[in-house]
Q: 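Attaching a single structure in structure tokens format; questions to follow.
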Amino acid sequence: MMNLLNIFLVSFYGFFQIPMADQFRQDGKIYVVVGVILILLIGFFIFLWRTDRRIKKLEEKANKQG
Amino acid sequence: MLRTEWWKWLTMALLLYVFVGGLLLPVPRLPILNETIRVLYFHVPMWFGMIALFTASCIQAIKYLSKEQLTNDIFSVQLAEVGILFGILGMISGMFWANYTWGEPWSSDPKQNMSAIALLIYFAYFVLRGSIKDEQQRAKISAVYNIFAFATLIPLLFILPRLAEDSLHPGNGGNPGFNAYDLDSQMRLVFYPAVIGWALLGFWLATIKIRYEIVSEKLGL
């Protein structure tokens, strides 16, 4: 029953436009958001990769000692 | 654990795709959720990641009990630490999302309450570890507790919320399942890579912590 009601509601609302960020996307501003996130994400990955490398060097050092 | 590098490149590629695709690819137009439906790509993988990490942590705890190697204890605790991080982030992000979609950050929804209990059980794991000085004893007792915690995690997250009368979370209680909420084929294209990518990131972070612990022990730091 809940299922039916929900499907009905969803299609009922869908009939009238559901507000989405359409204008924002059309203006191309979404690419600003994507760009900023990509910069942060790539920066974070570089940091993580370098940390990984540093540990690898320590492991090599430890293996030589042991 | 995985010694090769390819899966780290896979993690980065998947997450880059998830952030770009998650923001740009089309999603179903649903009332109340509107554009926030995209949060699904980030909030839900936190929980999947947490479960994957806790599963690995539990396996390591069992391994410790059968072999009594301290390395397994290091694996177990570090995996659980990253798991709890994912759980906390999943909880906070969920509350933030709920504030704008369900009207309040905490609706005492069955799944919210049960996941809070599950997190508290895992918090106790770290309290327990902190209270035991002897290394072997700490490893053994916390391994047993870890298995117990994992055994309660499954009913708390997967069974009890589904038995509840009503729930705001899709797929629980009287609510329609994910399919009725249109986790349509387009959303799956981002959602599945997101789950894999975030979980892999969790394992990557855990391996860094594990390797750090092992190497600092070797170097006597």
Side-chain angles (χ1 to χ4, degrees), chain A, chain B residues 3 5 7-9 11-38 42 165-167 170-177 179-182 184 197 200-201 204-205 207-221:
Chain A
M1 191 55 209
M2 273 298 286
N3 260 331
L4 270 175
L5 188 72
N6 229 296
I7 288 163
F8 171 74
L9 273 178
V10 167
S11 45
F12 178 77
Y13 276 110
F15 185 72
F16 303 98
Q17 269 305 342
I18 304 285
M20 298 291 255
D22 296 320
Q23 190 58 47
F24 181 70
R25 284 165 196 283
Q26 255 168 32
D27 292 346
K29 290 250 173 71
I30 185 70
Y31 299 108
V32 181
V33 180
V34 173
V36 168
I37 286 177
L38 278 183
I39 291 166
L40 297 181
L41 202 61
I42 290 168
F44 173 71
F45 284 151
I46 292 170
F47 182 87
L48 193 62
W49 192 262
R50 287 172 63 100
T51 311
D52 201 290
R53 285 308 83 153
R54 209 164 291 170
I55 293 218
K56 200 173 197 175
K57 273 188 193 146
L58 272 179
E59 281 173 339
E60 281 159 10
K61 203 174 158 189
N63 283 338
K64 262 186 213 157
Q65 276 188 11
Chain B
R3 283 237 171 259
E5 303 285 285
W7 63 282
K8 291 170 186 168
W9 291 103
T11 309
M12 294 191 279
L14 282 174
L15 285 180
L16 286 170
Y17 164 73
V18 164
F19 275 88
V20 176
L23 288 167
L24 293 179
L25 292 177
V27 289
R29 305 176 85 95
L30 294 180
I32 302 167
L33 284 173
N34 308 91
E35 292 276 0
T36 73
I37 195 167
R38 295 175 193 276
F42 305 97
E165 282 281 297
D166 208 358
S167 173
N172 296 281
N175 243 14
N179 284 330
Y181 248 86
D182 272 71
D184 59 9
L200 281 176
L201 182 71
W204 189 359
L205 294 175
T207 54
I208 287 178
K209 281 160 62 64
I210 290 161
R211 290 162 64 196
Y212 172 77
E213 289 294 324
I214 290 172
V215 86
S216 62
E217 199 150 287
K218 264 190 193 165
L219 290 169
L221 291 174

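Model, not experiment: these values are computed from the prediction. Hydrogens, waters and symmetry mates are skipped; everything else that's a heavy atom, side chains included, is used. Quick note on labels: first sequence line is chain A, next is B, and so on, each numbered from 1.
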Q: At a heavy-atom distance under 4.5 Å, which candidate from B/Leu205, B/Asn34, B/Leu201 has the highest pair count against chain A?
A: B/Asn34
Q: Where do B/Arg29 and A/Ile18 come nearest, in terms of heavy atoms and distance?
A: NH2-O, 3.2 Å
Q: Report the C-alpha distance between B/Ile208 and A/Leu48 in whole Å, list the side-chain angles of each, state the deciding distance to 0.1 Å, and finish with yes or no for side-chain contact (heavy atoms from CB on, under 4.5 Å).
A: CA-CA 9 Å; B/Ile208 287 178; A/Leu48 193 62; 3.8 Å; yes
Q: B/Phe19 versus chain A, heavy atoms under 4.5 Å apart: side chain, backbone, both or neither?
A: side chain
Q: Surrounding OH of B/Tyr17 (heavy atoms of other residues, nucleotides or ligands, distance under 6.0 Å), is the total greater than 12?
A: yes
Q: In terms of ring plane angle, is the pair B/Trp204 and A/Trp49 parallel, tilted or perpendicular, where the classes change at 30° and 60°?
A: perpendicular
Q: Counting only heavy atoms not in B/Ile32, do more than 12 fall under 6.0 Å of its CD1?
A: no
Q: Within a strict 4.5 Å, meaning less than it, do heavy atoms of the A/Lys56 and B/Arg211 side chains meet?
A: yes
Q: Look at A/Ile37, A/Ile30, A/Leu41, A/Asp52 and state which one has the largest set of heavy-atom pairs under 4.5 Å with chain B.
A: A/Asp52
Q: Kindly compute the distance separating CZ (A/Phe45) from NZ (B/Lys8), expressed to the nearest 0.5 Å.
A: 13.0 Å
Q: Are more than 12 heavy atoms, taken from residues, nucleotides or ligands other than A/Tyr31, located less than 6.0 Å from that residue's OH atom?
A: no
Q: Who passes salt bridge (charged side-chain N to carboxylate O under 4.0 Å, His left out) against A/Arg50, sequence neighbours left out?
A: none
Q: Less than 4.0 Å between a side-chain N and a carboxylate O, is that true for A/Arg53 and B/Glu5?
A: yes
Q: Side chain, backbone, both or neither: which part of B/Ile214 has a heavy atom under 4.5 Å from chain A?
A: neither
Q: Between B/Leu15 and chain A, which part of the residue has a heavy atom less than 4.5 Å away: side chain, backbone, both or neither?
A: both
Q: Sort and list the pairs that fulfil salt bridge (charged side-chain N to carboxylate O under 4.0 Å, His left out) and have at least one residue in residues 25-37 of chain A, not counting sequence neighbours.
A: A/Arg25-B/Glu35
Q: Nearest heavy-atom pair of B/Val215 and A/Ala62: which atoms, and what distance?
A: CG2-CB, 3.7 Å
Q: How long is the span from the NZ atom in B/Lys209 to the OG1 atom in A/Thr51, to the nearest 0.5 Å?
A: 13.0 Å
